[in-house]
Amino acid sequence: MTMDRQKTKEEVIDALHGVASEMHDKMLRGNPPTMTLPVRSKSNIGFDKKLGVYKYGKKRTIRDATSLGSARQLLRALHITEFVEGMISDGKTSTLREMYYISEGWGHGKFSSQNESNGVSEDLEIVTKCMREDFGLRPEEDGARIIGNVTFEERNRKGDWMRINCRDDVGDSGYGVPYNVEPEKLRLVEEDIDFVMAIETGGMFDRLVENGFDEEARCALVHLKGQPARSTRRIMRRMSDQWNKPIMVFADCDPWSFRIYASIAYGAIKTAHISEYLATKEATYLGITADDILAYDLPSDDLTKQDLNALNAELSDPRFATGWWQEQIQLMQEIGKKAEQQSLAKYGLDFVTDTYLPEKLGAMGITY
Amino acid sequence: MDPAERLSSKQKQISISEFFEKNKHFLGFDTLQRSIITAVKEAVDNSLDACEEERILPEINVEIQRMKGDRLRMITQDNGPGIPREDIENVFGKFLLGSRFHAIRQTRGQQGIGITGVVMYSQLTAGSKTKVVSKIAKDSSAVFVELGIDTRRNRATKSGESRDIWLDEETGESVSHGLRIECEMRAKYQRGRQSVHQYLRMTSIVNPHASISLVVRDRDGSVIEEGDWQRTTERLPREVSEIRPHPHGIQLGSLQRMLRESEERKMTSFLRHNFSGVSMRAAREILASAGLAEGRSPKRISADDAQGMVSAFRKVKLLSPPTDCLSPIEDLLIKKGLSKAIDSRFASTITRSPKVTQGNPFQIEVGLVFGGDLSAEGPIEVLRFANRVPLMYQQGGCLLTKALEAVDWKRYGLDHPGGKGIPKGPAAVLIHLASTNVQFTSEAKEAVSDNEEVFEEIRLAMLEVGRGLKGHLKKSSQRKKAREKFELINIILPEISKKSSELLSREEPDLAPIITKIMDAVFCEEELGWDDERKLATCSITIYNYTARARAYTILAKWPESKETKISENALGGNKQANGLWAWRLDTLNPGSATTIHFGVSGLRKGEWSDAEIFYRGNGEVIGATKIDEKLLEELRKSEALEAAESEFEKPKEAISQLKERAEQSEVSQSQSLDEGQTSLFGDFSTKDELEGIE
């Protein structure tokens, strides 16, 4: 199933004008201009049964121009609108960082930090229900690396479609996922795999590549690079939808890695407005689990105060409300330990591919 | 026991150098770093005292040169009266010098060892003589002499004495009077909080009448550190009068000595002539209480009877000792001194009136500076002084520090973790204790010992400067908020209007009603300036009415009224409400309009007026001003009328600062509508008609 969610240029501009209209209408009635946004916190995300992902709830916050800070945000949103309109009509795109520098010329609407410009862009996405790709705004960070027997077609700068097999046409660093993985840029052509394995750390990704795990276990290896970029989550979602392959997430055993999984499976709080495009609800957490620390007697570190706070927060996070997660989190709190993926090296370099992964995958019904 | 007294009693048994060696910790020569500070301190204190006595504005230059090994050469030069040839040996060679021990008044040096210690230290550690050049005004030439100490006889030895014209090394001109000391010693120059630089900087703060400079050079002649603190006032400290001791401060030993040495024949006259605060009636009561006949001879009073007198002193009601023996710096000069040494945004200073503890008059002065260049990290800087002498060591054990720590600084806007220790923030606090008898914890004289009355006085002074700081912080935060609001309505809102209209190709909306909704308040902003041409301090107060209703106010401003100052260029007129408080009744301010009061004050110097306080009378809140407390104002007027009947002038300051705290409901003044002099706040967007139409 391919989701045709691309909006036309006119739809995008209309949506952006809706933001300006809200401000203008308020002022015509003699009131300070406003911008209405969903509350972006844990308390305002809920499970959308129809879409199977977590989305923002009904809580709204109104940003009005009665304080200097909010008024500046409104003015910046208008400047971005004008800038995006210009880019759309010229057929250009820019990075968020470029926009930050361009804002130098916006007088009182200029950004004082890149975080600020990212924030206002996100606000506009949420309010307009567009994606920043629709605005022609690109993130700085690059996407993931993929190695495995899958074939994509990517449209290059010249506008030609290039066919790339992620096993045979790439070096050891794999296929680099572009920032835009929508159908107009990237096509999923062929595959000969049984599942997709998403790996948190580069060290473990390289270990599995060196050990030839992708061929041995018939899978595509995806390096998440920590908290995965939007395009990484989006391409996994597309592989899951189009090829109907399970996604196995292999990460460290610590509260932050749990969040990486949650953002893949259910959506991140920051991007809950586009969860239905990014989240892959079929994704499964493979390990490392708190059970594994005990079962494999892995070298571990004590949980820090921040770790414990994060675990507590996760206990009340709707994305971790299942019995299994609650058990794992509580077990972790009990033993007070965390472990890295690479702690498996305790038993040798091949232990992960010879013993750990076959055992874990086998328990989930994947054998090879 | 005083070190000098101890010295004199033990003199026979031990040699001076032995004594010096044994007691160098309290003579200030215990470490190499401290020795140079002590040496400079002894020389500079002497210079300041001598200049003050002769009513000369001091110019003191200090030079320190690194020599081979751990040696330093110190050169100090002043423009003081100089020392007559025949007195030089005494001044530099005797531990027990003089008049200071019997007279009771506020002086810097109280140790009596002073510069002799420097000569001794130089001789003991560097084996070198101290070179002195002294010129007194009435001689045509200066005396050049080298001094050492004969440690057996407790006497200076002179050598190489000559007379010559003394030419200043820098200017080449002949010096008319002054003193130059040059010596070498084992010592180490160190920078930081305990350094010669810090000592001189602190000294300059509390001696705003002195110009002091410092140059420290390395062996190769390069400058390591320097400082130049010019005087900020031409006014010398008040001449202090000597007073007789007060019975409440007298110890048995001293009383016995006084009795022994007395020339009086009768006890009544002994008491009346040798003590302050003792009237004839009191003298009789003391003697009656001690069971002594009035006619007895002082010389024949036994130890037991003397003890009885000491007890009687406590029972009989006595007059307080006079306090004109104290020389406070005075708050304005503290402010100037502080601002000379520290670049800050705000200064609050207070000189408390003199008090008495155990028969000794004392007076507390406190100054607080905030903001500017001061570091926001770590504890605030505490500058302690006793009789204008910086205290640089044992900060934690000092009463002055303890009293500072006892204040809950959080209430006044400083970070004070746990309410304990030195508060944190970009501030510095100066504490000056002036007293005829400063009690120290030890003979090192670096920390003031505990005393309830002194403690309480410091605490009260701290509260006062703390209130000033709190007001300042509140005002700056209000001002910041007001500025933000002005930026919002004058710049951002019009841009939002323009941009959104452009994007949508629509008409621009009328902003006037929106501005009123966003602001919904009356703002007051004052600005102090200085007109250098006319030597006029200027003040303008602007009131903005950003509400939907017309407003009427009377604005009151605190200004530095004194005999020398006068309000001028005051087009709006107004009237005097109390000393230092002027009022203007304003015409009705229509919604969206503003009006400004301008006036000048003559008779001030630049920087003397740094903080205006604005009050108002009228309905609703005025952001940036305080509602006047009518009751307190009434009380203030009454007490002023009384005072005026008695004396000429008093500071209205304290009463006015109370006005601010007790802001209460007050009467509203009515005034007539008039648009003249009012300007629209809404620029192009509004006219009066439009504004009325909104409601």
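Each chain gets a letter, A, B and so on, in the order the sequences are listed, and its residues count up from 1. Computed from a prediction, not measured in an experiment: that's the story for all the values here.
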Checklist entry - Looking at A/D64, A/L28, A/N31, which has the largest count of heavy-atom pairs under 4.5 Å with chain B? => result A/N31
Checklist entry - Hey, is the main chain of A/L68 close enough, under 3.5 Å, to the side chain of B/K485 for a donor-acceptor pair? => result no
Checklist entry - Most heavy-atom pairs under 4.5 angstrom with chain B, which of A/T66, A/L75, A/I13? => result A/L75
Checklist entry - Would B/E487 and A/R72 pass as an ion pair if we require N to O under 4.0 Å? => result yes
Checklist entry - Is B/E502 atom CD crowded by more than 12 heavy atoms from other residues, nucleotides or ligands, each under 6.0 Å away? => result yes
Checklist entry - Got a second to check how far B/L488's CG is from A/H108's NE2, nearest 0.5 Å? => result 12.0 Å
Checklist outcome for this item: Nearest heavy-atom contact between B/I496 and A/P33 is CG2-CG, 4.0 Å
Checklist entry - Are the side chains of B/K499 and A/H24 in touch, meaning some heavy atoms are under 4.5 Å apart? => result no
Checklist entry - Is the count of non-hydrogen atoms from other residues, nucleotides or ligands lying under 6.0 Å from B/R411 atom CZ greater than 12? => result no
Checklist entry - Do you know the tightest heavy-atom contact between B/S500 and A/A20? => result CB-O, 4.1 Å
Next on the checklist: Using a 4.5 angstrom heavy-atom cutoff, name the option from A/E82, A/E85, A/K26 with the most pairs to chain B.
Outcome noted: A/E82
Next on the checklist: So for atom NZ, which belongs to A/K185, do other residues, nucleotides or ligands contribute more than 12 heavy atoms lying within a distance under 6.0 Å?
Outcome noted: yes
Checklist entry - Going by heavy atoms in the side chains, are B/L511 and A/M27 under 4.5 Å from each other? => result yes
Item to check | Segment of A/M23 engaging chain B (4.5 angstrom heavy-atom cut-off) | outcome: side chain
Item to check | Rounded distance [0.5 Å steps], CD1 in B/I492 versus OG in A/S70 | outcome: 11.5 Å
Checklist entry - Side-chain contact, heavy-atom cut-off 4.5 Å: A/L78 with B/L503? => result yes
Item to check | Region of A/S67 that comes under 4.5 Å of a non-hydrogen atom in chain B | outcome: backbone
Checklist entry - chain A: which of B/K517, B/E484, B/E507, B/R506 shares the most heavy-atom pairs with it under 4.5 Å? => result B/R506
